[in-house]
Amino acid sequence: MQIKAPRGTYDILADDSYKWQYIEKVMKEVAEIFGYNEIRTPLFEHTELFERGVGESTDIVTKEMYTFHDKAERSLTLRPEGTASCARALIEHSLYNGVLPVKWYYTGPMFRYDRPQTGRYRQFHQFGIEAFGSNSPHLDAEVILVLVEILLRLGLKNYELHLNSVGCPECRENYRRHLIEHITPVKDKLCEDCQLRYTQNPLRVLDCKNESCHKAIEGYPTLYDNLCDECRNHYTKVQETLKDSGVAFIHDDNLVRGLDYYTNTAFEIHIPGIGAQSAVGGGGRYNGLVKDCGGPDLPGIGFALGIERLLLAIDTLGKKDFKAANIDVVVITMSDKYEDLAIQVLNHLRRHNIRSEKDYTGRSPRAQMKYANKLGARVVVLIGDEEVENGCLTIRNMQNKEQIQVENQELISNINNIL
RNA sequence: GUGGGUGUAGCUCAGUUGGCUAGAGCACCAGAUUGUGGCUCUGGGGGCCGUGGGUUCAAGUCCCAUCAUCCACCCCA
């Protein structure tokens, strides 16, 4: 039986990897412009970190984690997201005692045991930023601006930014009570899933896509109406700052994020036309997280982008100028007795940063030319009896077919003239 | 986790109501007067027809299972 990549995983081959490098480069550049620095955390953590950080009742923790025991019977889990690890690192290194805010970006694979689908994999990749130690609404706006700037630089102008505030624990609890009061009389009309949501996390009933559920709870109180003064002011300020920065958004009463740690600002970015998994990014404020993870009461905010989904979105734009690096020069031997010499010429070229190649499969001179052509070489260096006798090399310009014989010392300068 | 579609060469796919050595295009390799490319022509390699069972004289073609993949639900990035 042939061994294949595990379900929900895949290989990124040469041409695609250049696409990835391009996207990662854009994201890192933008993050650094905004003052974020890279953090690299382990791919696995103690299971408890995610149980506490992400939330015991979340889908991620209850059914999507890759949890295993190591040889010392520690329960470890492949990270399903990046924020909890950042909070852990912040606490572990006592960075909350230093210069605030701490601003990080990260990128890498995440793991969730979910049913694969377009834009959804078991090993998928996120790019995210986190900012710890400030509750300023301007920072909320900044985080969103980073996200928007990345999308714009990737050419993805057709995004939709959904925005909401889920409030602080106090006003959310208050809201929760009001919502339950409102739903209880009509709870029998809800779908099966919502019956369950109703008891576990009633806020989640709001973003049910089922029409009948929406109808049943019509006229429900909104989070916004139940925000305390402080949370409402915060949210208003975030909105104002975004407007002043020229960022369009949609206030979405039904936007409720699935992870327990979110407070106040919550947002999601959707790009239409890439399938059911249209959320390319999302995030929000998580003022309780650091404390929940055993640290001081320090606020934080961040977002994560799904790289696979960004790729989908970019592909729908038909952008195709991503290719593996071309070879510039191919060294061709007219007889295999000159192969040793060809290696020396290659060494010389490569030391001068010229992307160069030779044939390693015993091709005829003619086939070597074809090979050079396929690799996209712009110059070919020919070595045959004539060259060896004259102590020189022949350079062929593949575009205009001009050939000249040059001294060894002049090889690099002549090639660079053509490239 | 639920429902539905698909699974034939590296890639995109054909394969009639089950019937002889399974095809095409592209890709790959080699030739087309002996030291030279992109076009064209000729030839060639490569498929236990996803895997395992079953029905049948006979299965890529029918049935079951399994795995994978796709679409939607769900969830989220």
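Chain A is the first sequence line, chain B the second, and so forth, proteins listed ahead of strands; every chain is numbered from 1.
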Open item on the list: Between A:Arg120 and B:A77, is there a contact of a side-chain N or O with OP1 or OP2 at under 4.0 Å?
Closed with: no
Task: With sequence neighbours excluded, residues passing salt bridge (charged side-chain N to carboxylate O under 4.0 Å, His left out) with A:Lys237 - done: A:Glu240
TODO: Quick one: label A:Gly283 by what it contacts on the DNA or RNA (base, sugar-phosphate, nothing), any heavy atom closer than 4.0 Å.
DONE: nothing
Task: Within residues 139-183 of chain A or reaching into it, pairs that qualify as ring pair (Phe, Tyr, Trp, His ring centres under 6.0 Å) - sequence neighbours excluded - done: A:His162-A:His270
Please table the atom pairs, donor to acceptor, closer than 3.5 Å between any side-chain atom in residues 141-151 of chain A and protein atoms at least two apart or in another chain.
residue  : atom : partner  : partner atom : Å
A:Glu142 : OE2  : A:Tyr36  : OH           : 2.7
A:Glu142 : OE2  : A:Lys103 : NZ           : 2.8
A:Glu149 : OE2  : A:Arg153 : NE           : 2.8
A:Glu149 : OE2  : A:Arg153 : NH2          : 3.4

Open item on the list: Can you tell me which nucleotide in B:G31, B:U69, B:A77 comes closest to the side chain of A:Gln126?
Closed with: B:A77
Task: Set of residues satisfying salt bridge (charged side-chain N to carboxylate O under 4.0 Å, His left out) with respect to A:Glu45, sequence neighbours excluded - done: A:Arg88
- [ ] Send over the distance from A:Asp59 CG to B:G1 P, rounded to a whole Å.
- [x] 14 Å
Open item on the list: Run the salt bridge (charged side-chain N to carboxylate O under 4.0 Å, His left out) test against A:Glu268 and tell me which residues pass, sequence neighbours left out.
Closed with: A:Arg257
All N/O donor-acceptor pairs, side-chain side in residues 107-114 of chain A, below 3.5 Å, sequence neighbours left out:
residue  : atom : partner  : partner atom : Å
A:Thr107 : OG1  : A:Gln126 : O            : 3.2
A:Arg112 : NE   : A:Pro80  : O            : 2.8
A:Arg112 : NH2  : A:Pro80  : O            : 3.0

Task: Stem segments of RNA chain B by first residue number [Watson-Crick or G-U, under 3.5 Å, at least 3] - done: B:1-7 with B:67-73, B:10-13 with B:23-26, B:28-32 with B:40-44, B:50-54 with B:62-66
Task: d(CG, A:Leu375; P, B:C28) in whole Å - done: 11 Å
Open item on the list: Show every side-chain hydrogen bond (donor to acceptor under 3.5 Å, both in side chains) that has at least one partner inside residues 329-339 of chain A, sequence neighbours left out.
Closed with: A:Tyr338-A:Asp385, A:Glu339-A:Lys358
Can you give me the N/O atom pairs linking the protein to nucleotides 43-48 of chain B at distances under 3.5 Å, or say none if there are none?
none

- [ ] Could you tell me whether the phosphate oxygens of B:A72, OP1 or OP2, come under 4.0 Å of any side-chain nitrogen or oxygen in A:Gln117?
- [x] yes
TODO: Could you tell me how the ring of A:Phe44 sits relative to the ring of A:Phe68: parallel (under 30°), tilted (30 to 60°) or perpendicular (over 60°)?
DONE: perpendicular
Do any N or O atoms of the protein come closer than 3.5 Å to N or O atoms of nucleotides 33-38 of chain B, and which pairs are they?
residue : atom : partner  : partner atom : Å
B:G35   : O6   : A:Glu386 : N            : 2.7
B:G35   : O6   : A:Glu386 : OE1          : 3.3
B:G35   : N1   : A:Glu387 : OE1          : 3.2
B:G35   : N2   : A:Glu387 : OE2          : 3.1
B:U36   : O2   : A:Arg396 : NH1          : 3.4
B:U36   : O2   : A:Gln403 : OE1          : 3.2
B:U36   : N3   : A:Gln403 : OE1          : 2.8
B:U36   : O4   : A:Gln403 : NE2          : 3.2
B:G37   : N7   : A:Arg396 : NH2          : 2.9
B:G37   : O6   : A:Arg396 : NH2          : 3.2
B:G37   : O6   : A:Met398 : O            : 3.3
B:G37   : N1   : A:Met398 : O            : 2.5
B:G37   : N2   : A:Asn373 : OD1          : 2.7
B:G37   : N2   : A:Met398 : O            : 3.4
B:G37   : N3   : A:Asn373 : OD1          : 3.1
B:G38   : O4'  : A:Asn373 : ND2          : 2.9
B:G38   : O6   : A:Lys401 : NZ           : 2.9

- [ ] Give the ring-plane orientation class for A:Phe132 versus A:Trp104, where under 30° counts as parallel, over 60° as perpendicular and anything between as tilted.
- [x] perpendicular
- [ ] Quick one: label A:Ala372 by what it contacts on the DNA or RNA (base, sugar-phosphate, nothing), any heavy atom closer than 4.0 Å.
- [x] nothing
Task: Summary of side-chain hydrogen bond (donor to acceptor under 3.5 Å, both in side chains) pairs that have at least one residue in residues 367-380 of chain A, sequence neighbours excluded - done: A:Asp328-A:Arg378
Open item on the list: Taking the nucleotide of RNA chain B with the nearest heavy atom to each, does A:Arg363 or A:Tyr113 sit closer to the 5' end?
Closed with: A:Tyr113
Task: Any A:Lys374 side-chain N or O less than 4.0 Å from OP1/OP2 of B:A27 - done: no
Open item on the list: Taking B:U69 as the reference, what is the distance to B:U12 when you measure between their P atoms (whole Å, please)?
Closed with: 15 Å
TODO: Return the value, rounded to whole Å, for the distance between atom CZ of A:Arg115 and atom P of B:C67.
DONE: 11 Å
Open item on the list: Using a 4.0 Å heavy-atom cut-off, does A:Gly362 contact any base of the nucleic acid, only the sugar-phosphate backbone, or nothing at all?
Closed with: nothing
Open item on the list: Applying salt bridge (charged side-chain N to carboxylate O under 4.0 Å, His left out) as the test, list every pair that has at least one member in residues 399-409 of chain A; sequence neighbours left out.
Closed with: none
TODO: Could you check how far CD1 of A:Ile150 sits from C1' of B:A77, rounded to whole Å?
DONE: 13 Å
